[in-house]
Amino acid sequence: MPELPEVSYFKKYLDATALHQKIRKVSAPEELILGTKEVAFQQLQGDQLKESRRLGKYLFVATENRNTLIFHFGMTGNFEYRQGEEPPKYTYFTLHFENDFQLFFTCPRKLARVYLVEDAEVFRKEHELGQDALEASEEEFLELADGRRGSMKGFLMNQKIISGIGNLYSDEILFQSRIHPATAVNDLNQKELKAIFRNIEKVLLRVTKSKMDSSSLPQSYITPYRKAGAACPRGNGKIEKAKIAGRTSYFCVNCQPAK
DNA sequence: CGTAATGTTTGAAT
DNA sequence: TATTCAAACATTAC
């Protein structure tokens, strides 16, 4: 379930488990998952994961030998750290550690990727990753929005502009901002753009909190009601669905009128 | 059985 | 040249 908040959770999970464990062996039985050639991953033998950082929906893990292991979770990627011979179903990449534990990287839909690179900055440039959604300033955000003609939802989901926001939380940010997802960026005034900017941080941090402590989202959130015909959490009618910016979007036309 | 699913990349259209 | 859009990718679940 990986947008920025989920990847923050995976970072916490990896930090609490696989970090600083000596790697005994690497298994990569599914070539499709590998963003870099399989042979490169064998370099990890004897190495250790040193520290991790999240950028957008990517998790960068620096190793003691100065390489960087990069995880991207696609739509269904997940970690599982435990002992035992039998890997979980859909395991396509495994780090085996000297302590007999393993970090399994699973992904039923095989859209996840794992990379091993020498220079994380080169990777970032190659993949054209924009500023992290939690690090952009209001000024930068307004600058990035200037002159854009596409939908606001498409703008929020474009990883080259701002990275970390996907289908679910772009809908939530726009619901909280009372902006229809199909509204063109250049049809929004500064006040509306600033409200969206504030809600990016607000929503992402709130969702991250709920991922970290398994708490539920506020009553006023639309995320739990992503179903056409569901009642708007503000009591303003029914949730509608439409394909916007290539993805299924849920919104309330009464709260979020089209411009 | 058909359709949609939390994402990114590619190539075409604007 | 830059931006936007739709389709493709692989597989599962409803």
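It should be emphasised that the depicted structure is a prediction, and the values quoted were computed from it without experimental measurement. Quick note on labels: first sequence line is chain A, next is B, and so on, each numbered from 1.
A:E6 places its CD atom 7 Å from the C1' atom of B:dT6, with the value rounded to the nearest Å. Residue A:L4 contributes atom CG, which lies 16 Å from atom C1' of B:dT8 at whole-angstrom precision. A straight line from NZ of A:K227 to P of B:dT3 spans 21 Å, rounded to a whole angstrom.
Taking a 4.0 Å limit (strictly below) on heavy-atom distances, residues 218-226 of chain A reaches DNA chain B at A:R226. Less than 4.0 Å separates DNA chain B from at least one heavy atom of each of the following residues of residues 145-161 of chain A: A:Q159. Contacts with DNA chain B (heavy atom under 4.0 Å) in residues 106-135 of chain A: A:R109, A:L111, A:H127, listed by number.
The residue from A:T106, A:T17, A:L59 that alone fulfils the side chain to side chain contact (heavy atoms under 4.5 Å, CB included) condition with A:F79 is A:L59.
A salt bridge between A:R54 and A:D132 is present, with a side-chain N of the basic residue lying under 4.0 Å from a carboxylate O of the acidic one. The pair A:R53-A:E51 does not meet the salt-bridge criterion, since no charged nitrogen lies less than 4.0 angstrom from a carboxylate oxygen.
A:D213 and A:S215 share a donor-acceptor pair across their side chains, judged by distance under 3.5 Å alone.
Bracketed by its first and final contacts, the part of DNA chain C lying under 4.0 Å from non-hydrogen atoms of chain A reaches from C:dT3 to C:dT12 in 5' to 3' order.
The side chain of A:R247 places an N or O atom within less than 4.0 Å of a non-bridging phosphate oxygen (OP1 or OP2) of B:dG7.
For the P atoms, the distance from C:dA6 to B:dA4 is 15 Å, rounded to whole Å. Look at the C1' atom in both C:dA7 and B:dT3: the space between them is 16 Å, to the nearest Å.
Comparing A:K241 and A:H72, the nucleotide of DNA chain B nearest to each residue sits closer to the 5' end for A:K241. Position along DNA chain C of the nearest nucleotide to A:E30 versus A:K243 favours A:K243 as the more 5'-ward residue.
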Would you give me the side-chain donor-acceptor pairs under 3.5 Å for residues 232-239 of chain A, sequence neighbours excluded?
{"unit_1": "A:R234", "atom_1": "NH2", "unit_2": "A:F175", "atom_2": "O", "d": "2.9"}

ring-ring contact (aromatic ring centres under 6.0 Å, His included) between A:F105 and A:F71, worked out: CA-CA 9 Å; A:F105 186 47; A:F71 293 98; 5.0 Å; yes

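Other residues, nucleotides and ligands contribute at most 12 non-hydrogen atoms within 6.0 Å of the CD atom of A:E201.
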Secondary structure of DNA chain B in dot-bracket form (Watson-Crick or G-U wobble, distances below 3.5 Å, | marking inter-strand pairs): .||||.||||||||

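A:N199 approaches A:S177 most closely through the heavy-atom pair ND2-OG, 2.8 Å. Of all heavy-atom pairs spanning A:K153 and A:A245, the tightest one is C-CB, 4.5 Å.
Using the six-membered ring where Trp is involved, A:H72 and A:Y58 have ring planes that are tilted, between 30° and 60° apart.
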